[in-house]
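Any value given below was found using the heavy atoms of this structure, including those in side chains, with hydrogens, waters and symmetry copies removed. Below, read A as the first sequence line, B as the second, and so on, with proteins coming before strands; counting in each chain starts at 1.
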Amino acid sequence: DTGVSQDPRHKITKRGQNVTFRCDPISEHNRLYWYRQTLGQGPEFLTYFQNEAQLEKSRLLSDRFSAERPKGSFSTLEIQRTEQGDSAMYLCASSVAGATTDTQYFGPGTRLTVL
Amino acid sequence: GDSVTQMEGPVTLSEEAFLTINCTYTATGYPSLFWYVQYPGEGLQLLLKATKADDKGSNKGFEATYRKETTSFHLEKGSVQVSDSAVYFCALRGSYIPTFGRGTSLIVHP
């Protein structure tokens with residue numbers, strides 16, 4: 001068990017550029033979540049997958065954001081035409097769907113800075 | 001919608017002091033409740049959890065009891081250490097969307 005990994009750890013981009021982040025969940029975890037965290041705030045839910053199906057999307061997720069999990073394993077989060085307000089830490093978490101707790105395990109995050 | 005309210009920080013304590021970080025929630029149904037900890041420069045780690053009313057979660061000397069009547073899940077530790085300095089997040093899982101509080105920073109001085 002190597003934990004949840006995210007790549008890259010840091011990304012600096014210019015406004016208007018597209019960026020893509022990758023998340024590799026813990027093996028056998030069938031749920032995968034994306035969050036955004038800004039300074040002084042808790043994680044804000046963006047979207048989640050169960051296997052390859054995207055089951056829920058937050059209203060925070062504008063049309064410029066898209067997430068995929070094509071084979072039910074790793075996931076990508078793409079932000080098109082980045083804006084300065086997109087600067088944040090993007091967190092990925094994974095879990096095993098269960099009847100009660102659905103405990104999530106978080107990756108280290110990707111810090112995005114939009115200049 | 002669901003919400004989590006945590007006491008504002010920073011909470012500053014001396015080593016071996018007693019710690020309480022308050023957390024209250026609003027949710028429909030019977031959510032599961034969690035405390036996560038984020039050490040400087042690291043990702044969030046699950047600290048403890050409780051899945052039903054009156055359950056007590058515990059780990060590393062930290063405890064929290066799921067109080068449905070007061071919709072609370074306060075985090076406590078009897079004797080904090082400098083190494084406990086971190087940001088603590090209360091969270092709930094109700095329907096599908098997990099909800100986190102804003103976090104409470106804890107600073108423990110020797």
In one Ile/Leu/Val/Met/Phe/Trp/Tyr side-chain cluster, 4.5 Å: B:Y36, B:Y88: no
B:E16, CD atom: more than 12 neighbouring heavy atoms under 6.0 Å: no
Reported CG-to-OH distance for the pair B:L44 and A:Y105, which is rounded to 0.5 angstrom: 13.5 Å
Atom CD of B:E42: over 12 foreign heavy atoms under 6.0 Å: yes
A:Q37/B:F89 under side chain to side chain contact (heavy atoms under 4.5 Å, CB included): CA gap, chis, key distance, verdict: CA-CA 12 Å; A:Q37 186 180 20; B:F89 293 92; 3.3 Å; yes
Residues in residues 100-110 of chain B near chain A [non-hydrogen atoms, under 4.5 Å]: B:F100, B:G101, B:R102
Remaining members of hydrophobic cluster (4.5 Å side-chain criterion), A:L115: A:I12
Atom CD of A:E28 with >12 non-hydrogen neighbours under 6.0 angstrom: no
Hydrophobic cluster identity match, B:F62 and A:F106, side-chain contacts under 4.5 Å: no
Worked verdict on A:T103 versus B:F34 for side chain to side chain contact (heavy atoms under 4.5 Å, CB included): CA-CA 9 Å; A:T103 301; B:F34 305 85; 4.0 Å; yes
Heavy-atom neighbours of A:E68 CD exceed 12 at 6.0 Å: no
side-chain contact (heavy atoms from CB on, under 4.5 Å) partners of A:R64, counting only residues at least two apart: A:S62, A:I79, A:R81, A:E83, A:D86
Heavy-atom proximity to chain A below 4.5 Å, by part of B:Y30: neither
Under 4.5 Å from a heavy atom of chain A, the part of B:Q6 involved: neither
Under 4.5 Å from any heavy atom of chain B - which part of A:Q6: neither
Partners meeting side chain to side chain donor-acceptor pair (under 3.5 Å) with A:Y35 (sequence neighbours left out): A:Q104
